[in-house]
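Read through the structure below, which is laid out as structure tokens, and then see the notes.
Both backbone and side-chain heavy atoms feed into the values below; hydrogens, waters and symmetry mates do not. Throughout, a chain's letter reflects where its sequence line sits, starting with A, and its residues are numbered from 1. Computed from a predicted model, the values in this text were never measured in an experiment.
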Amino acid sequence: MHRLRLWTFAHIVALGATLTIAATGAQAEPQVRPADEDASVTAAAPAPAAAVGIVRGRVVDAATGEPVPGAFVGAGPVADITGPDGRFAIEGVALGTLEITAAADLYAPVVLSLELTAGVPIADVAIELAPDTAGAGEVVEVVGEAPDLAEAPEYELAGADIKVLPGSGNDALKALQSLPGVARVPFGLGGLVLRGSAPRDTNVYLDGVEVPLLYHFGGLASFYPSSMLDSLEMVPGGFSSEYGRAQGGVVLLRSRAGRRDRWRIESEVSLTDAAVRADGPGPLGGAWSLGLRRSYVDAVLALALPEDGAFSLTLAPRYYDGQLRYDLDLGRGQRVSAMIFGSDDRLQFLFEDEDEMDTDTFRYVQRFVRAAVRWERRSADWQLAMTPWVGWDESTIRFTEEGITRESTPMGARFDLTRSFDRGYLAGGVDVQGGRFWYDINNEPPPMPDMADGGDRPIQRAGAEWIADTALWMEGLIRLWDDRLSVKPGLRFERYDLTDEWALDPRLNLAQSVSPGITLRQSVGLYHQPPVPADVDPLFGNEDLGSSYALQTSAGVEAKLPLGPVALEASATAFFDQVYELPVDVVSSATGAADPGSPLAGGAGATSREFTSEQFGTYSYQENVGKGRNYGVETLVRGRGGEADRAGSWLGWVSYTYSRALRRYDPARFSGYYPYVLDQPHVLTALGSVLVTDHWRLGARVRYVSGNPITPVVGSYFDADAQEYRAVSGELLGDRLPAFFQLDLRIDRTWRRSWGSLSLFLDIQNLTNRVNPEGVRYSFDFSQQAYTRGLPIFPSLGLEYRP
Amino acid sequence: MIALPASSSPCPPPPGPRARAHRLLSTLVVALAAAVLAAGCDFEEFTPASRIDKPRIIAVSASPPVIGLDGESELTALVVDADGRDSTVATEHAIDPADLDVRWRACNPWAPVFEPDRDCPTQEALALVSNDGEAWQGQARVRVSDVLAAFPPPDWVQDEIGQMDDGDGDGDGGEGCPHDYGFVELPIVVEVDIGDRRLVALQRLRVTWDPVVRRGPAIAALVLGDQVVDATEAGSFVAGRQIRLGVSMDRDSLDPVCLDDDPDQVADEPVTYFAYVTAGELLDEFEADVAYEVDGTESARTLRWAAPTGGGAVVWLVAEDRDGGVGWARFGLTAGAAAMAAP
């Protein structure tokens, strides 16, 4: 499991040096309690001599004695996040005198000292955190990765690092693409292809609410500003029973609560958009957090484009997003958060003949809004949370009058209950999700079983449907053998209303701490995924389509190797996923290359389709007769050195993934497995960033990725009925585009003044302007061909102000 | 028509020439902002489909286009080349018969044919005898009885035909439009060797169990700007100018069809025509529709042709109706005197 977390707490700026916590705001005075005030330390039984040790224990509320989940506990360069029972375990801790730091939202941080020796390499620590009544302190983005012992193999990535990673354009979600196990996405856009699964196989949740998409226009920017995220977790496989309806992975975003002491306003300006964000105290002792962002590419283009062109952007790519959250502490361990967030993307082209007798428009709209309330209550051993939510979505793509408009009023609720024990916890809940789905289609039908060439004229069709998927889930965690073995079984029982199906998904995660600093992890589980409403339309899909499911397995090893001033980590994870009853087109795409855009053709059309199918459907007649097989090995070696935020500090890593993503298409026509259109056997990423001086930072990223598969064209014939040429396919997906190679460069300059700090960054993607083919285009008779090139050199320039 | 989402690319068409210069700043911003959208939109020019710059098959006709179970049809392929020659017989613009070898075969109608060489190889198809006709080289005749003998229909076909035929012969299941009919498709493959090139085309002939008579559409004239050019005449164009190009159909050749929304109303069958040229360029599109109202009113779209700056040009118009009926005509055009003086 790759887990990336971006934690935001108060007060701990000054602790960054020892905890690799990077402050992005102005320096603030730390509020540190003496170690002996809030914590007690007991030495564990002697263990065999080792160069590194383990610090483990539990964090509780000093006033109530209740466990504090989600607390950050750090020991030098390594850290952990407490689980639902407040427990943590930090492995790979260098022997000697240590400073242990604990911090959590709404609590004052704590620092304590202890000593690990070769004779006593394990320490059990009980930490009490006192509520933070001052509410002061600088808001800091931290850093910290929590190796939850019973999760699948995972990687750490510091949150502060995200903002300096080259090639990510200051976007936390795009930073995910530098991690192992994540395939490269064409055209430098967003989207997540995790361990060979399709983009639609990965669900995205913000504070427990599923959101329909991650990026504006597929990748211009994330729908949620990175600075308003509290944590970001990407789980490409082996995820908890708490989540379902996805046979790939999940992305869990948690928004940040506002500060309670005073208001703060920050802003950010880039080439494409401007954003303003603010947080501060609200009534009843609560806290507001709000943000608004708007792109202005449309305004600039409106001034720049000529009025007499045959092509005009009547509405250039324009996006909004907005966020509002209010948090209130109700006392007695109760807390409520209300939030509303949304995104609005629009684009419109106008095509005119010179005599303006013939005008066509292309219109694209993608917008959604979600409103949710989360209430939670924590006691010593119990935690209860409820999150009802409602939303509204619209996806429109139309060429003049023809096209598709889909609207929905999704709604859902989550009820989660956790009971903590000394040696683990038991959790369960209800996950209901559904709503009203409405569509208006005016288009020619795709090829159907009784109409292989599709319709010859557009069909107008509208309808609506209510559906409600209901899931019950349960999982437990037990630590055995002096916490060296963790076992987490889970079960998810679900009904899919749309397809009238029942699904049962057992899951199991194991972890073993074989020696200090070395952990083995394994996972196995079933993951069901229902079709989207667009795929079961009787005229534009198959109303009998059912769910598919994946058997996911993984095993990995992690090693943390502090080598003096350099913290080195290495990991390797092998995975094997088998997907069953995969929907595949059984009517069209009979000749591969003859059907551009089909999965069997590969290239830009096929990959683009993968990223839009969840919103608009696959627009094909599919049956659950396919299979999928994803397997590979992910490796990561990462280092970090120097004193954080000081000149000379650096970070970097090399990740290499060998991955195969194979599909078995319609067995009536094809035997065996063929490459998935985003099958990329070799994905190599090397990046580094160094703080050259106190104000200048320089970073670079290099990527090498295998080209995506395509079906070669070996000839053509004239289809006299259609008056057009059809391609004659070579070996199905038997060829590949040339390999992708790209160099990115990033330069940061920071000015710190009494009134705040200004940060300017220049992130240049594809510095060498290399032509990376993303597809092949053909002439009308397929006798000529040319590559569709990917992103040319593309600079991102941004300026951020923080008080 | 748009096919979603496969063809839902946001890529704009290749931009035309800009009428005025832009300020440097605007250009820079536009370039940066549009880079994301235009990253995958390359504008390399391929030879357009409407331009005949090498030997091609541009139409295959069956006469009649719809035949009964005991019927037969005459098959013709229109082969053209960049010099304005075609596969006619004994005309000044005929391709030398010595350079042309035409071979026909009928495929198994009970199996889908997506790729002729793969799904209908010569050794598994019914070879049809090819001979030059009075007007066209390399014609062939196909008899349904021969095809059924070579490829006996499976039981499910008999059952389906039985269910669809209500016995009144109109193919409509007992009610609805009297001009509708049921049919199965008979794939026909034609291979043409011309010079060192091998051309392959696929046509699907309709075989019906209803006693209907359908014809291929005939083209009466080319509409070139204000001119109406008969196929037997020589037309002219203004060199270097954009000219509206249309078709005039022989209305007597059009079959009656019922309106989609009112089966009791009958109009002439609509056609789609395609224009192919040896010189100049068809802008935007090279196909357009011609439709007819119940009262006989014609509604026809035209095409834009950027005529060559000099010399001559040949235009072939190919019309296709809803039955798969195909008709075509060749028009030899020269640059007019006025045109030669045009800037």
Side-chain angles (χ1 to χ4, degrees), chain A residues 187-188 220 271-272 297 300-301 303-306 308-311 317 347 349 351 353 362 364 397 399 402-404 443-444 446 452 458 590-591 594 596-598 604-605 608-609 612-613 616 619 717-721 723-724 728-729 774-775 777 779-780 784 786 788-792 794-795, chain B residues 1-10 12-13 15-16 18-20 22-23 26-27 29-30 32-37 39-42 44 46-49 56-61 77 112 114-118 189 199-204 242 260 272 274 284 287 304 318 320 322 324 326:
Chain A
F187 301 113
L220 281 184
L271 278 179
T272 54
V297 177
V300 176
L301 287 180
L303 297 174
L305 279 178
D308 53 356
F311 162 73
L347 172 67
F349 298 130
F351 305 94
D353 281 353
F362 174 83
Y364 171 84
I397 186 164
F399 188 77
E402 296 179 14
I404 297 175
N443 199 10
E444 294 180 12
T591 60
S598 83
S608 299
R609 179 177 175 148
T612 58
S613 66
F616 297 102
Y619 199 74
Y717 68 93
F718 182 66
D719 186 330
D721 291 320
Q723 281 289 310
E724 60 186 31
V728 174
S729 303
E774 301 287 11
R777 300 183 307 113
S779 60
F780 71 95
Q784 299 170 283
T788 299
R789 70 166 293 172
L791 192 72
F794 187 78
Chain B
M1 174 268 177
I2 59 176
L4 297 173
S7 335
S8 58
S9 168
R18 299 301 185 192
R20 64 185 184 213
H22 303 142
R23 289 179 299 131
S26 298
T27 304
V29 174
V30 169
L32 289 173
V36 170
L37 285 174
C41 306
D42 303 290
E44 297 97 335
F46 291 132
T47 303
R56 286 168 55 186
I57 300 172
I58 60 171
V60 177
S61 73
F114 293 106
E115 294 182 1
D117 289 348
R118 183 191 67 182
V189 173
L199 312 176
V200 179
L202 174 68
Q203 171 73 302
R204 296 174 184 85
Q242 289 188 17
D260 289 339
T272 300
F274 303 81
D284 305 327
E287 65 173 282
R304 284 194 306 150
V318 176
E320 186 177 41
R322 287 188 184 178
V326 174

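Contact annotation for B:Pro112: neither backbone nor side-chain heavy atoms come within less than 4.5 Å of a heavy atom of chain A. Within the 4.5 angstrom heavy-atom criterion, only side-chain atoms of B:Glu320, from C-beta onward, approach chain A. For B:Val326, no part lies under 4.5 angstrom from a heavy atom of chain A.
For A:Asp721, the salt bridge (Lys or Arg N to Asp or Glu O under 4.0 Å) partners are B:Arg204, not counting sequence neighbours.
Using modelled atom types, one side-chain atom of B:Gln203 and one backbone atom of B:Val60 make a donor-acceptor pair closer than 3.5 Å. In this structure, A:Arg777 contributes its side chain and A:Gln784 its backbone to no donor-acceptor pair below 3.5 Å.
Counting heavy atoms from C-beta outward, A:Ile397 and A:Phe362 have side chains that approach closer than 4.5 Å.
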